[in-house]
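The structure is given below, and queries will be raised subsequently.
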Amino acid sequence: MTENKKVPAHVSIIMDGNGRWARERGRERVFGHFEGVESVRVCTEAAVEAGVKYLSLYAFSEENWGRPESEVSALMELMMKSMKNELKTFLDNDIRFVVLGNRARLGDEMNAAIDNMMELTASNKVLTLILFLSYSGKWDILQAAKRLAKETGGDPEKLAQVGQEEFGRLLVTKDYPDPDLIIRTSGELRLSNYLLWQGAYSEYYFTPVTWPDFRREQFFEALEDYASRDRRFGKVK
Ligand code: IPE
Ligand code: IPE
Ligand code: MG
């Protein structure tokens with residue numbers, strides 16, 4: 001990193017390719033998810049080291065509920081276990097842990113574990129680690145629109161007051177800045193219904209490396225690439 005101002009405040013990752021990583025090794029898909037947990041740990045450390053303030057991870061999409069029940073339950077179990085395992089690390093390293101998404105679809109046990117982790121780490125300052133769970137961009141925009149309809153009762157005068165900033169405050173991401181950099185691993189060139197609103201002006205970085213192989217070196221490579229971008233936001237310099 002040459003200049004500190006070029007470090008993205010918020011890095012977001014679409015962690016993809018776990019299944020293919022495992023199948024290439026003749027293993028079950030879930031083995032790739034296990035290995036991916038280590039990449040989460042390593043990238044969290046790297047984010048702290050680089051001075052990134054927010055690291056968000058697309059861990060499970062609304063569409064992922066449509067996977068075979070055995071994979072869904074293995075993933076949920078793995079996430080619950082990993083969260084609990086990391087609590088001490090989060091407390092020791094001043095990391096705030098947040099889960100965003102359609103929480104109503106997660107079980108009571110999972111929601112209780114999430115609430116506990118979020119409460120215990122709520123005042124931590126060094127890094128905010130956001131896990132998008134049961135999330136999709138269209139779901140987020142739709143729940144915001146429904147809340148807006150309810151809150152305004154459709155009153156035209158109230159609706160006229162709502163600009164992009166006010167609408168953004170109805171999204172589940174309201175307390176966090178939009179991502180500066182969105183990374184997707186495994187070579188797929190799509191958003192898969194991720195942060196549709198919030199990613200409107202993000203920089204995108206696509207790499208063929210699968211998630212279990214995405215470690216410290218690859219994370220810093222992505223930050224280097226970001227540092228070379230010229231963000232104009234539609235304006236002229
Ligand atoms: C990403 O890896 C993890 C989740 C979506 C939960 P995949 O499970 O999508 O792995 P591939 O893309 O099928 O290889
Ligand atoms: C996107 O990956 C969702 C997550 C990484 C959590 P998927 O593997 O589910 O997306 P598609 O099927 O390639 O679009
Ligand atoms: Mg995938």
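All ligand and atom numbering here is 1-based and tracks the order in the structure.
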Protein heavy-atom partner closest to atom 1 (C) of ligand 1 - residue, atom, separation in Å: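 Closest protein heavy atom to atom 1 (C) of ligand 1: Met15 O, 3.0 Å.
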Shortest heavy-atom approach to atom 2 (O) of ligand 2 - which of Glu188, Arg190, Arg184, Glu63: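 Closest candidate by heavy-atom distance is Arg184.
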Proximal ligand 2 atoms for Phe60, defined as those under 4.0 Å from one of its heavy atoms: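 Taking each heavy atom of Phe60 in turn, ligand 2 has 6 (C) under 4.0 Å.
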Location of contacts on Tyr194 toward ligand 2, heavy atoms closer than 4.0 Å: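 The answer is neither.
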Proximity flag Arg67 to ligand 2, non-hydrogen atoms under 4.0 Å: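 Yes, that is the case, since the closest heavy atom of the residue is under 4.0 Å from the ligand.
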Asp108 CG: over 12 foreign heavy atoms closer than 6.0 Å: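 No, because the 6.0 Å sphere around CG of Asp108 holds 12 heavy atoms or fewer from other groups.
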Option nearest atom 9 (O) of ligand 2 (shortest heavy-atom distance, choices Asn64, Asp16, Ile14):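 Closest candidate by heavy-atom distance is Asn64.
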Atom 13 (O) of ligand 1: nearest protein contact (heavy atom, Å):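 Checked against all protein heavy atoms, atom 13 (O) of ligand 1 sits closest to Arg29 NH1, 2.9 Å.
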Centroid-centroid under 6.0 Å between Tyr201 and Phe233 rings: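 Yes: the rings meet the under 6.0 Å criterion.
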Per-atom contacts of ligand 1 with His33, taking only distances under 4.0 Å to non-hydrogen atoms: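 Within the 4.0 Å cut-off of His33, ligand 1 contributes 3 (C), 8 (O).
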Sub-4.0 Å heavy-atom approach of Gly17 to ligand 1: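 A heavy atom of Gly17 does come that close to ligand 1.
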Min N/O separation Gly19 to ligand 1 under 3.5 Å: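 Looking only at distances, the answer is yes, because the N/O contact criterion of under 3.5 Å is met.
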contact_flag Arg20 ligand 2 heavy-atom lt 4.0 Å: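 No; Arg20 lies far enough from ligand 2 that no heavy-atom distance drops under 4.0 Å.
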Nearest-neighbour protein heavy atom for atom 6 (C) of ligand 1, which is reported as residue plus atom name and distance: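 Here the nearest protein heavy atom works out to Ala59 O, 3.3 Å.
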Distance-only donor-acceptor check, side chains Trp211 and Ser186, under 3.5 Å: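 Checked: Trp211/Ser186 side chains show no N/O donor-acceptor pair below 3.5 Å.
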Salt bridge present between Arg216 and Glu221 (N-O < 4.0 angstrom):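 Salt bridge between Arg216 and Glu221, a charged N being under 4.0 Å from a carboxylate O: no.
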hydrophobic_cluster_shared for Val30 and Met80, side chain cutoff 4.5 Å: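 No, separate clusters.
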Aromatic ring proximity, centroids under 6.0 angstrom, Phe60 and Phe132: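 Phe132 vs Phe60: aromatic centres not under 6.0 Å.
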Mutual orientation of the aromatic rings belonging to Tyr135 and Tyr58 [parallel < 30°, tilted 30-60°, perpendicular > 60°]: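 Aromatic pair Tyr135/Tyr58 classed perpendicular.
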Polar contact flag, side-chain donor to acceptor under 3.5 angstrom, Arg96-Ser123: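 Distance-only check fails for Arg96 and Ser123.
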Atom of Asp16 nearest the Mg ion (ligand 3) (restricted to N/O/S, atom name only):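 Asp16's closest N, O or S atom to the Mg ion (ligand 3) is named OD1.
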Ligand 1 contact by Arg23, heavy-atom criterion under 4.0 angstrom: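 Flag not set, Arg23 not near ligand 1.
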Arg25 to Trp21 six-membered ring, cation-pi geometry met (6.0 Å, 45°):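 Arg25 over Trp21 ring: yes.
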Side-chain donor or acceptor of Ser39 paired with backbone N/O of Arg215 under 3.5 Å: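 Flag not set: sc Ser39 to bb Arg215 has no pair under 3.5 Å.
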Top protein contact for atom 11 (P) of ligand 2, by heavy-atom distance: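 I find the closest protein heavy atom is Ser192 OG, 3.5 Å.
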